[in-house]
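Below you'll find the structure, written out as structure tokens, and then a few comments.
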Number of protein chains: 2
Amino acid sequence: MADHKRARIQDVAEQAGVSMMTVSRVLNQDKKVSDKTREKVMAVVEQLNYRPNVSARRLASTKSFFLGLLYDNPSDTYISQFLLAALKKCRTLGYHLIVDEAHTDINKTIESVKQLIDVTQVDGMILLPPMCDNEAVLDVLTKADVPFVRITPDTKLNRSPYICMDDYQAAFDVTEHLINQGHSKIAHIIGDTKQGVSRMRYQGYLDALRSNQIVTPPEYIEQGSFTYQSGMEAAMKLLSLDDKPTAIFAANDDMAAAVISIAQKQGINIPNELSVVGFDDTQLATVVWPNISTVRQPINEMAELSITLLASGQYNDLSNVKSLDLRHILDFELIERESSSIKSN
Amino acid sequence: MADHKRARIQDVAEQAGVSMMTVSRVLNQDKKVSDKTREKVMAVVEQLNYRPNVSARRLASTKSFFLGLLYDNPSDTYISQFLLAALKKCRTLGYHLIVDEAHTDINKTIESVKQLIDVTQVDGMILLPPMCDNEAVLDVLTKADVPFVRITPDTKLNRSPYICMDDYQAAFDVTEHLINQGHSKIAHIIGDTKQGVSRMRYQGYLDALRSNQIVTPPEYIEQGSFTYQSGMEAAMKLLSLDDKPTAIFAANDDMAAAVISIAQKQGINIPNELSVVGFDDTQLATVVWPNISTVRQPINEMAELSITLLASGQYNDLSNVKSLDLRHILDFELIERESSSIKSN
DNA sequence: CCAGTGAAAGTTAGCGATAACATTTGTTGG
DNA sequence: CCAACAAATGTTATCGCTAACTTTCACTGG
């Protein structure tokens, strides 16, 4: 607050006894600066609390300092949390976020992405599920030479950095959590097949059962689509079986909430007669009764990391990047609430 | 796509046969341009599909083309919907949105608002509930000469344009909806008293009863705070009354969901034995069973309008603005779902 | 008829950064 | 010890626009 005027690059240059260009180089991680100069400049930058003027930067450089975010409304909670974290990170890095909603018609989405690239010249894109697994969209970005980060566990498409949590391991842990509580009749409602995560979660569930030598009848596996509606339908089938499961692991919270609702309508007590576990820790999980045990994704960290990766420019040229370096796995958290508890004997 | 290069102000100037400055004046609504010239310039602008370069503009002018949004997590759905609509509108107007979350400690919030103003030089702020009714925050903005728009029905503070829906009328309509279905024992759970909307909704409820000559015992009025938890507590009191209400109007969806959950636990059938109505049409309303009848706020329109108002600059000087012109009331929508229906006889 | 006036349009000089080229400094080998 | 080349740093022009000043021009009225 000393001078009440923001420091400019010139101020830094003068104070450090170098040219503006040298300061610029330091700030843009240009290699051609000696360590001594770099340290000297950085010291002054800190001292003056200098932050580059984004507009001037954008005007003078070829970079746009815009990042795009393409989403497709998987859930409001997910979006808003991701969005807020991403916006905050952007602010600290001097970037701006352009948010675009995918259209249900994939061709329109592609058109709008093309336009977005053309008009705003984004320096990078973030793709949220399920767009992140759509080859056509990825092709557009690759062709336009726009770096992108995918929030997905799908390793199949080794074309960009991707950020995920270990969905497989989380599902494995959830299932073991149920087994440890005495359950052996554990059903699963699979998520939307178009999304890679569904497969991973399903596999984790299967492997946990197998490694505990538990055999499950095929009727215990229902196909859902991540919607509340699909959860209701699956629950009705599962709860009308002669040999009912004592625990249901739904691939997301919406479907888990649906299970709880149907069970209650049928007078089934949760968790005494039926344990239910969801996935994602959305707002829903704490808003239905009993609260849903679930898995929390590190959404904030994912958002921040995706911005950081794109801003760093380290993936602007993928030709020299090793496949393994594309992968960023973050930790999940298992959250036990009232919907699952020790099986009564 | 003709030249694949964006037109600059110079291109427009040349084509129109005027100076760049004249074009700039036209674009910035400067009065000192003859109508003839203005039309000529606008024609070329359209023809070349010219859009000003925001960065250049920001760099050269005193405006920042940033707008700030201060929120306080009333609900994820609300935020994300508002945010997305606001971001979209900003994009079309060449503005950028800086989003900031209010701190529970009001002093910290004030500090962060001050900093936001200082660092980003926002051209205006949008205040979401409940910050919009906090005098201390408003004082900071007024003192810093930052125009702001409040999303609130509170008319008390006549210091800025405000956008709202008619909460009073909506609550009135909800109550009459219940009366029309044959109910006369209608309870109400009031929202957080710190928020103006709670009072309006409560008043609408009262007046609808009165204008239908329905007398209600004081036990039918419970004080909540917009949280699920508070809704549960209120519901337990209301449903343990000897003379139970046959309908409960909760001031938001979270509390309505809580009522449904408690009622179901007590074996009360909804809607046959008890009708429940919420407010806000959040995601929650369609995710619990039965789905909650509710009132939908025009969130998208509110977001767009608030951006438009700030961008227009029409409120930059409030001294000549009439009090009535500050008010912007948008239409709500009553949504009938399964949680309220004709009272069984 | 012309100085005086005010509206409309033009000119000039940056805003704060970077690209591209120019220069200085440092390092190497014969 | 110095030519030759690479590394580090500096200079200049420019990005697209607007603030502030200047000029032009049409119209007054004494």
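A note on names: the letters A, B, ... follow the listed sequences, proteins ahead of strands, and every chain is numbered from 1.
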Write down the distance between [atom1] ([X]) and [atom2] ([N]), rounded to a whole number of angstrom.
| X | N | atom1 | atom2 | value |
| --- | --- | --- | --- | --- |
| B/Gln10 | D/dT18 | CD | C1' | 14 Å |
| A/Asn28 | C/dT18 | CG | P | 5 Å |
| A/Glu14 | D/dG10 | CD | P | 13 Å |
| B/Ile9 | D/dA19 | CD1 | P | 11 Å |
| A/Phe65 | D/dC15 | CZ | P | 18 Å |
| A/Arg38 | D/dT9 | CZ | C1' | 13 Å |
| A/Met21 | D/dT14 | CE | C1' | 13 Å |

List in chain and number order the residues that pass salt bridge (charged side-chain N to carboxylate O under 4.0 Å, His left out) with A/Asp325, two or more places apart in sequence or in another chain; answer none if no residue qualifies.
none
Compare the minimum distances between each of D/dT9, C/dA17, D/dC17 and the side chain of B/Met20, then state the nucleotide with the smallest one.
D/dC17
Could you check which of C/dA17, C/dA9, D/dC17 has an atom nearest any side-chain atom of B/Arg25?
C/dA9
A side-chain contact here means heavy atoms from C-beta on lying under 4.5 Å apart; do [X] and [Y] qualify?
| X | Y | result |
| --- | --- | --- |
| B/Ile151 | B/Pro129 | yes |
| A/Asn300 | A/Gln81 | yes |
| A/Ile106 | A/Met131 | yes |

What's the spacing between [X] [atom1] and [Y] [atom2] if we round to 0.5 Å?
| X | Y | atom1 | atom2 | value |
| --- | --- | --- | --- | --- |
| A/Leu84 | B/Ile79 | CG | CD1 | 6.5 Å |
| A/Arg58 | A/Asn53 | CZ | CG | 9.5 Å |
| A/Ile98 | A/Leu69 | CD1 | CG | 10.5 Å |
| B/Met42 | B/Thr37 | CE | OG1 | 13.0 Å |

Does B/Asp100 pair with A/Arg91 as a salt bridge, N-O distance under 4.0 Å?
yes
Could you tell me whether B/Glu135 and B/Arg159 make a salt bridge, using a distance below 4.0 angstrom between a side-chain N and a carboxylate O?
yes
Non-neighbouring partners of B/Glu111 that pass side chain to side chain contact (heavy atoms under 4.5 Å, CB included), sequence neighbours left out:
B/Lys114
Find every protein N or O atom lying less than 3.5 Å from an N or O atom of nucleotides 25-27 of chain C, and list the pairs.
none

Expected output: side-chain B/Asp11 to main-chain B/Ala7 donor-acceptor under 3.5 Å
no
Please step through side chain to side chain donor-acceptor pair (under 3.5 Å) for the pair A/Ser112 and A/Thr109, ending with a clear verdict.
CA-CA 5 Å; A/Ser112 99; A/Thr109 300; 5.8 Å; no
Residues touching DNA chain C, which here means a heavy atom under 4.0 Å, drawn from residues 46-62 of chain B
B/Leu59, B/Ala60
Rounded (10°) bend between the five-pair end axes of the helix from C/dC1-D/dG30 to C/dG30-D/dC1
50°
Review item, nucleotides 4-8 of chain D N/O atoms under 3.5 Å of protein N/O:
none

Kindly say whether the aromatic ring centers of A/Phe66 and B/His96 come within a distance under 6.0 Å.
yes
